[in-house]
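Here the structure comes first, spelled out in structure tokens, and everything after it is commentary.
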Amino acid sequence: MAEAGLPTNREVADRLQLIGDLLEIEGAVRHRVLAYRRAAARVRATPTSVAAMALEGRATDLPDIGATLQAKIRELAETGDIAALAALRERVPEGLAAIARLDGIGPKRALALWRELGVAGPEALAEAVAAGRVRDVPGFGPATEAALAAQLARRAERPEPDEGRMPLGRALDLAEEVAAGLRAAAPGARVAVAGSVRRGRETVGDIDVVAAADDPAALLDAAAALPATERVLSRGEARIAVMTHAGVRVEVAAGRPAAFGNLLQHATGSAAHNVRLRELAVRRGLSVSEHGIAGPDGAVATHAEEEGVYAALGLPLIPPELREDQGELELALAGDLPRLVQPSDLRGELHAHTDWSDGTESIPVMVEAARARGYEYLAISDHSRSLAMAGGLDRDRVLRQWEAIERENARRDDIVVLRATEVDVLADGALDFPDDLLAGFDWVTASVHSGFSQPPERLTARLVAAAESPFVDAIGHPTGRMMGRRDHAPVDLEAVIAAAARAGTCLEVNAQPRRLDLDSAMARRALAGGARLVIGADAHSGAALDLVRLGVLVARRAGARAEDVANTRPWDELREGRATRLAAAGA
DNA sequence: GCCGTTTTCGGCCCGACTGTTTTCAGTCG
């Protein structure tokens, strides 16, 4: 938890980032700029207060934070500002950093705009573009000016910073569509989704696909000719970028089969991971690129599989979900990479709805869908009475549903159907069912669906109370975020994690495409805090059981192993766990 | 500014593509 008055990690990171951006515009040594950026990324990815660490002199324990940056962070914590940044702002207008972030513009051209036109921010740039003055600046021309005009107009329409990023679920579908189109157009080609989609990032900016065949150019032609392609943005011998009719940028990189592993590794990223990997290679006298690995004698070795790329550097294959430069190379070097949970580890689904509440299919249909996916158990977890909008069940209907579940269990022995509920956590922290009813369920997920505007302390208290209830097995979608609608509620997640860890309550990684809640960073904190996860599809139809794959990606990004996830366990084990907790509470 | 199988100085990933040049700088991933 952040301590009162201290700058948050995001605030610290934003300042370091800004210093780096302005230094770059000023023309500072490139690696000094990189050092600030790396430090900013490190601070953002750190789960505990870096400002507090700096005050204690421990921030230098973090990679990428040295004595100089620790002093600056401490200065920020103590005085609210950094003198070096204030001085830098005197020399370089802060607005140039925003200009430098525009597509096609970087530090050099931002500086040129300021020097030549006196443009010091995006608004002034828009005026200069409108007046046709930009095309005459050295290094610029009519094409760049037109591109800027279009970009600034879009920006004025939708000023949100996250504009253009889409939920992972949508990106996965689009990426697989593109990949399928390439396979169809070029039979025999190897095609794979790469980039942030493959890494399982919860939101995706653009889609990367790699393809290999003896005639790489034909693959690029195929990409240009896909039905989804609206226009070609750029095209070379090795890569093509297209805009789709859906307004999503797709990049296809093509190469030869012998170097497919090199290309896939390169295009999967992340950029920061690749930089680290290549630095490690340089220390071993090797040079890594998408074409292969060059030795000291200049001979280039190619690798058809990604395993070979990592093996050539003395490393085990690092799962794509971990390739974010957050310590994965150190783990790999030490042989300590976790064996991450995978879809085949899941034995059951503990969060599913039927037409008894807001699901679209009957209990038998849902059960058959779960069986068809090889599950050993399925929890029928319809909503509770207060969620009237979703057809929440009252006591009478719960009892009748239990009879229906009993009938289902009686007529089949290939899957266990569980009496479950997604019970509302009410505004005062109480659960929507009385204890005697809750005691009769096999599995209870408690979720907040309303009252998100409560003060953070009250919201936190509700979740903590739910997590501490002996009747509750899991907290559903703990922060309530809905991408594009509602951000994570400002709950004190550490307090919720601590309560869940104490009580043995699971925290859900909800796999609904717009939820993905907990997100991967939060799930990582939950595991560090000793809490167990459960991956829930929150399925409202049989087909929606497959959404669980999104949750698996999120859990993998959090570093979760199978044993960290409740629904990788056999039902008997989960049942005993619930019985033990209830007995310990005297319930 | 950071950091060490080149360890307290001298390094710091690598290549593709575009637009503006007239041989390449800047940007991007």
Side-chain angles (χ1 to χ4, degrees), chain A residues 16 19-20 23-25 27-42 59-73 84 99-113 134-148 194-196 199 204-210 216 220 232-241 249-255 259 262-263 265-294 296 300 313-314 323 325 329-330 333:
Chain A
L16 297 179
I19 293 176
L23 279 175
E24 186 178 35
I25 293 167
V29 179
R30 182 178 154 57
H31 300 101
R32 198 166 152 227
V33 174
L34 188 64
Y36 275 97
R37 299 226 168 110
R38 282 183 161 172
R42 182 66 56 185
T60 51
D61 292 350
L62 295 169
D64 308 321
I65 309 279
T68 305
L69 286 184
Q70 169 163 274
K72 287 191 164 68
I73 296 168
I99 291 180
R101 278 193 295 273
L102 294 169
D103 276 347
I105 306 296
K108 297 289 194 296
R109 307 177 98 187
L111 186 67
L113 288 167
V134 167
R135 71 186 68 174
D136 297 327
V137 177
F140 289 75
T144 306
E145 187 177 81
L148 272 176
S196 56
R199 300 200 310 279
V204 171
D206 57 17
I207 285 171
D208 291 284
V209 175
V210 299
L220 301 185
V232 174
L233 299 172
S234 71
R235 155 112 202 216
E237 289 177 13
R239 276 210 277 274
I240 185 169
R249 190 187 139 94
V250 175
E251 192 162 320
V252 177
N262 304 94
L263 188 59
Q265 194 287 320
H266 169 80
T268 297
S270 65
H273 172 87
N274 284 353
V275 168
R276 292 290 188 191
L277 193 73
R278 289 166 180 199
E279 286 176 352
L280 183 147
V282 166
R283 290 199 293 276
R284 298 178 179 193
L286 302 170
S287 174
V288 173
S289 81
E290 61 263 54
H291 303 297
I293 300 182
V300 176
L313 301 171
R323 299 181 197 168
D325 184 28
L329 281 170
E330 291 77 0
L333 284 166

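Every chain is numbered from 1 and lettered A, B, ... according to where its sequence line falls, protein lines coming before strand lines.
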Subject >> Options B/dT27, B/dG29, B/dC13, nucleotide nearest the side-chain atoms of A/R249 >> reply: B/dG29
**OP:** Could you tell me whether the side chain of A/E145 and the main chain of A/V134 form a donor-acceptor pair under 3.5 Å?
**Re:** yes
Subject >> Non-hydrogen side-chain atoms of A/D206 and A/D208 separated by less than 4.5 Å >> reply: yes
Subject >> Separation between the C1' atoms of B/dG10 and B/dG15, rounded to whole Å >> reply: 25 Å
**OP:** From the options B/dC12, B/dT20, B/dG15, select the nucleotide whose nearest atom is closest to the side chain of A/T144.
**Re:** B/dT20
Original post:
Rounding to the closest angstrom, what is the interatomic distance between B/dA16 and B/dT21 at atom P?
Top reply: 24 Å
Subject >> Same-atom distance (P) from B/dG1 to B/dT5, integer angstrom >> reply: 23 Å
Original post:
Okay, side chain of A/R199, backbone of A/G269: is any donor-acceptor separation there less than 3.5 Å?
Top reply: no
**OP:** Go through B/dT27, B/dC14, B/dG15 for me and flag the one nearest to the A/V282 side chain.
**Re:** B/dC14
**OP:** Nearest-nucleotide wise, let me know which of A/L23 and A/A238 is further upstream toward the 5' end of DNA chain B.
**Re:** A/L23
Original post:
B/dC17 and B/dG11: how far apart are their C1' atoms, nearest whole angstrom?
Top reply: 29 Å
**OP:** Between A/R30 and A/P63, just flag the one whose closest nucleotide in DNA chain B comes earlier from the 5' side.
**Re:** A/P63
Original post:
When all nucleic acid strands are considered with a 4.0 Å heavy-atom cut-off, which category describes A/I105: base, sugar-phosphate, or nothing?
Top reply: sugar-phosphate
**OP:** Flag the pair A/D64 and A/R276 as a salt bridge only when some basic side-chain nitrogen lies within less than 4.0 angstrom of an acidic carboxylate oxygen.
**Re:** yes
**OP:** Looking only at side-chain atoms of A/P142, point me to the closest of B/dG15, B/dC2, B/dT20.
**Re:** B/dT20
**OP:** Among the candidates B/dG19, B/dC13, B/dT27, find the nucleotide nearest to the side-chain atoms of A/R109.
**Re:** B/dT27
**OP:** Using the P atoms only, state how far B/dC9 lies from B/dT23, rounded to an integer number of Å.
**Re:** 42 Å
Subject >> Given A/D325, A/V282, A/L313, the one that forms side chain to side chain contact (heavy atoms under 4.5 Å, CB included) with A/L277 >> reply: A/L313
**OP:** Determine the interatomic distance between C1' on B/dC13 and the same-named atom on B/dT27; round to the nearest Å.
**Re:** 16 Å
**OP:** Return the nearest nucleotide to the side chain of A/A35; candidates are B/dC13, B/dC14, B/dG1.
**Re:** B/dG1
**OP:** Using a 4.0 Å heavy-atom cut-off across all strands, classify A/V33 as base, sugar-phosphate, or nothing.
**Re:** nothing
**OP:** With C1' as the reference atom in both, quote the distance from B/dT18 to B/dT6 in angstrom, rounded to an integer.
**Re:** 38 Å
Original post:
Closest to the A/R239 side chain: B/dC13, B/dT20, B/dG15?
Top reply: B/dG15
Subject >> Side chain of A/D64 - closest among B/dG1, B/dT27, B/dC3 >> reply: B/dC3
**OP:** Kindly indicate whether the side chain of A/N262, heavy atoms from C-beta on, has any atom under 4.5 Å from the side chain of A/H266.
**Re:** no
Subject >> Counterpart base for B/dT8, defined by Watson-Crick or G-U wobble contacts under 3.5 Å >> reply: none
Original post:
Whole-Å distance between B/dC2 C1' and A/I73 CD1?
Top reply: 13 Å
Original post:
Considering only side-chain heavy atoms of A/R283, which listed nucleotide, B/dC12, B/dT6, B/dG15, is closest?
Top reply: B/dT6
Subject >> Per A/S234 side chain, nearest of listed nucleotides B/dT18, B/dT27, B/dC13 >> reply: B/dT18
Original post:
Taking the same atom, C1', in B/dA25 and in B/dT20, what whole-Å distance lies between them?
Top reply: 9 Å
